[in-house]
Amino acid sequence: MATPRHIIVTGCNRGLGLELVTKLVARGDQVTATVRTLPLDPSNALAKLHAAQPTQLHLHTCDMTKGESIRAFAASMQHHAIQGLINNAGVLGDHQGIDDFDAEEAKRLYQVNALAPLQLSLALRAPLRKGGGKILHISSGLASIADNQTGGYLGYRMAKAALN
């Protein structure tokens, strides 16, 4: 049997992150899942999966809005060999259009959706090199410059375009 891969997934409390973790655990990978805060409510789906697979799924705090949290998480991973980093954590924010654009909200979205994934990726360079790892950033169709049929979500769109 092949050696399990060690994959880190950010933003795993629900949605796509939770689904990615579920699939990775099911295929036999060692998964480090990050969330903003721990402990999780025991009724949370990620908490239930962790309870069922405590040696295969590891939960860690990594608040992508806080540089010190990103640095602390990355420091805790330095002794690992990591085969994959999936930067999934992100926030959509409010439906900002031209008439109600909020620069402070856009800065917050840029921090979480563009700068934080880069900051974490750079901080994990050594363990990713050790494991021959790859980095995957989760983006969105809303980041498309060519296809802006719906408008709105300007801060989110700009941040995800920067991530791309």
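Just so we're clear, the structure is a prediction, and the values are computed from it rather than from any experiment.
The hydrophobic clustering, which links ILVMFWY residues whose side-chain heavy atoms are closer than 4.5 Å, places Val25 and Leu136 together. The hydrophobic cluster containing Leu120 does not contain Leu38, counting ILVMFWY residues as joined when their side-chain heavy atoms lie under 4.5 angstrom apart, directly or transitively. One hydrophobic cluster holds both Val91 and Tyr156 under the rule that ILVMFWY side chains link at heavy-atom gaps under 4.5 Å. Residue Met77 is not grouped with residue Ile7 when hydrophobic side chains (ILVMFWY) are merged at heavy-atom distances under 4.5 angstrom, including chains of intermediate members. Cluster annotation: Leu85 and Val112 are assigned to the same hydrophobic cluster (Ile/Leu/Val/Met/Phe/Trp/Tyr, side-chain heavy-atom contacts under 4.5 Å, transitive).
For the atom pair CG of Asn113 and CZ of Arg157, the computed distance is 13.0 Å after rounding to the nearest 0.5 Å. In this structure, NZ in Lys107 is found 12.0 Å from CD in Glu105, a value given to the nearest 0.5 Å. Taking CG of Leu40 as the start and NZ of Lys48 as the end, the distance is 12.0 Å to the nearest 0.5 Å. Note: Lys134 NZ to Ile82 CD1 = 14.5 Å, rounded to the nearest 0.5 Å. Taken from CZ in Arg129 to CG in Leu124, the straight-line distance is 11.5 Å, to the nearest 0.5 Å.
Checked against side-chain contact (heavy atoms from CB on, under 4.5 Å), Asp94 has no partners two or more places apart in sequence or in another chain.
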Report task. Please test Ile86 against Leu24 for side chain to side chain contact (heavy atoms under 4.5 Å, CB included), starting from the C-alpha separation and ending with a verdict. Result -> CA-CA 11 Å; Ile86 302 175; Leu24 292 167; 4.2 Å; yes
Query - Asn164 and Ser139: CA distance, side-chain angles, deciding distance, side-chain hydrogen bond (donor to acceptor under 3.5 Å, both in side chains) verdict - result: CA-CA 7 Å; Asn164 292 347; Ser139 189; 2.7 Å; yes
Query raised in the report: Between Asn87 and Ser121, is a side-chain hydrogen bond (donor to acceptor under 3.5 Å, both in side chains) present by the stated rule, with each step listed?
Result: CA-CA 8 Å; Asn87 279 311; Ser121 298; 3.0 Å; yes
Query raised in the report: Hey, mind stepping through Thr34 and Leu59 against side chain to side chain contact (heavy atoms under 4.5 Å, CB included) and telling me if it holds?
Result: CA-CA 6 Å; Thr34 74; Leu59 303 182; over 6 Å; no
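The pair Glu104-Arg108 does not count as a salt bridge, with every side-chain nitrogen at least 4.0 angstrom from each carboxylate oxygen. The pair Arg5-Asp29 counts as a salt bridge, with a side-chain nitrogen and a carboxylate oxygen less than 4.0 angstrom apart.
Across all their heavy atoms, Thr55 and Gln30 have their closest contact at O-OE1, 3.0 Å. When every heavy atom of Ala89 is checked against every heavy atom of Met64, the shortest pair comes out as CB-CG, 3.7 Å. Here the closest heavy-atom approach between residue Cys62 and residue Ile70 is recorded as SG-CA, 3.9 Å. Contact between Ala74 and Ala123 at its shortest, heavy atoms only, is CB-CB, 3.4 Å. The nearest pair of heavy atoms linking Gly155 to Leu109 is C-CD1, 3.7 Å. Between Val21 and Ala33, the shortest heavy-atom contact is CG2-CB, 3.9 Å.
Sorted by first and then second residue, the ring pair (Phe, Tyr, Trp, His ring centres under 6.0 Å) pairs involving residues 23-69 (not counting sequence neighbours) are His60-Phe73. For the ring pair (Phe, Tyr, Trp, His ring centres under 6.0 Å) condition, the pairs that include at least one residue of residues 88-139, sequence neighbours left out, are His95-Tyr153.
Between the Gln83 side chain and the Gly133 main chain, no donor and acceptor come within less than 3.5 Å of each other. At distances below 3.5 Å, not a single donor-acceptor pair connects side-chain atoms of Asn13 with backbone N or O atoms of Val35. The closest donor-acceptor contact from the side chain of Ser69 to the backbone of Asp63 lies under 3.5 Å. The backbone N or O of Leu122 sits less than 3.5 Å from a side-chain atom of Arg125, completing a donor-acceptor pair. In terms of modelled atom types and a separation under 3.5 Å, the side chain of Asn88 and the main chain of Thr10 share a donor-acceptor contact.
The environment of CZ in Arg27 is crowded: more than 12 heavy-atom neighbours from other residues, nucleotides or ligands sit within 6.0 Å. Atom NZ of Lys130 is surrounded by more than 12 heavy atoms from other residues, nucleotides or ligands within 6.0 Å.
The shortest side-chain heavy-atom distance between Lys66 and Arg36 does not fall under the 4.5 Å cut-off.
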